[in-house]
Amino acid sequence: MVDGIRDTVRVAVLVSGGGTNLQALINAEKDGRLHPCEIKLVVSSNEGAYALKRAEKEGIKQAVCKDEDELLKILRDEGVDMLVLAGYLRILSGKFIHKFKKPIINIHPSLIPAFCGKGCYGLHVHEKALEYGVKVSGATVHFVNEIPDGGEIILQKAVEVKSDDTPETLQRRIMEEAEWKLLPKACVIVAKEIIKSRKDGREGNL
Ligand code: GRF
């Protein structure tokens, strides 16, 4: 607390799969690179997600949830200030986004507006990039709104596409060179805005 204003931002990370982006956030928090964010909760859309094991290992609270009303309740109960979608395979409804009212950010493994939108997730993104023949792809962190991958861009990073790339090798390079670096940085940028908005008395209206 500084002058009666909380100077940390409680983050919930939504996952569905392996959770390497979650791991990047955990590592950043351990190294002090995630401040003012604190990872309070990891919520998975499916109980088999390896990301849950990563959270368990770190002693981070976990939940499995498919229902949006239930999700909203969990987030409110935990006092979550910001939501990070890190490989979350469900599309949040406009109703949820409107009710949650706090910043939601997502990481997408391409340079939006290329290779994004409904149905463009996971390896499909990299298959499409290779099919098109682009020489550069990358990752984007953006705010979440009602349009899949359509919200305001926070950070982007380009990554070279090599002539012998497969979707798998391209996916890995984009994760290593862009995603795992961008996501912690974007969280910090948004969290600092949240704290600034508290000081100005406009939290929830970012
Ligand atoms: C990442 O490529 C992310 O950009 C996309 O889904 C993948 C999830 O990977 N949204 P992981 O679960 O973080 O390992």
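The basis for the numbers below is simple: all heavy atoms, side chains too, and nothing from hydrogens, waters or symmetry mates. Note that ligands are numbered from 1 as they come in the structure, with each ligand's atoms numbered from 1 the same way. We're numbering straight along the sequence, starting at 1. Since we're looking at a predicted model, the values are computed, not measured.
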Test your reading of the structure: does Asn106 have an N or O sitting under 3.5 Å from an N or O of ligand 1?
no
Working note: Ser16 + Ser45, criterion side-chain hydrogen bond (donor to acceptor under 3.5 Å, both in side chains); need CA distance, chi angles, decisive distance, verdict.
CA-CA 5 Å; Ser16 296; Ser45 57; 2.7 Å; yes
Name the closest protein heavy atom to atom 4 (O) of ligand 1, giving the residue it belongs to and the distance to 0.1 Å.
Glu179 OE1, 2.6 Å
Between Asp81 and Arg198, is the closest basic N to carboxylate O distance under 4.0 Å?
yes
So, 4.0 Å and heavy atoms of Gly19: is ligand 1 close enough to count as a contact?
yes
Residues passing the side-chain contact (heavy atoms from CB on, under 4.5 Å) test with Lys157, sequence neighbours excluded, are Ala178, Leu182
Check this for me - ligand 1, Gln171, N or O atoms closer than 3.5 angstrom, yes or no?
no
Are more than 12 heavy atoms, taken from residues, nucleotides or ligands other than Glu152, located less than 6.0 Å from that residue's CD atom?
no
If the threshold is 4.0 Å, N to carboxylate O, is there a salt bridge linking Glu58 and Arg54?
no
For atom 8 (C) of ligand 1, what's the nearest protein heavy atom and its distance?
Gly87 CA, 3.5 Å
With a cut-off of 4.0 Å, which atoms of ligand 1 are near a heavy atom of Met175?
1 (C), 2 (O), 9 (O), 14 (O)
Those residues that, when tested against Tyr121, pass ring-ring contact (aromatic ring centres under 6.0 Å, His included) (two or more places apart)
His124
Check whether any N or O atom of Ile107, backbone or side chain, sits under 3.5 Å from an N or O atom of ligand 1, and answer yes or no.
yes
At the 4.0 Å heavy-atom cut-off, does Val15 count as touching ligand 1?
no
Is there at least one pair of N or O atoms, one from Thr20 and one from ligand 1, spaced under 3.5 Å apart?
yes
Can you name the closest pair of heavy atoms from Pro113 and Cys116 and give their distance?
O-SG, 3.5 Å
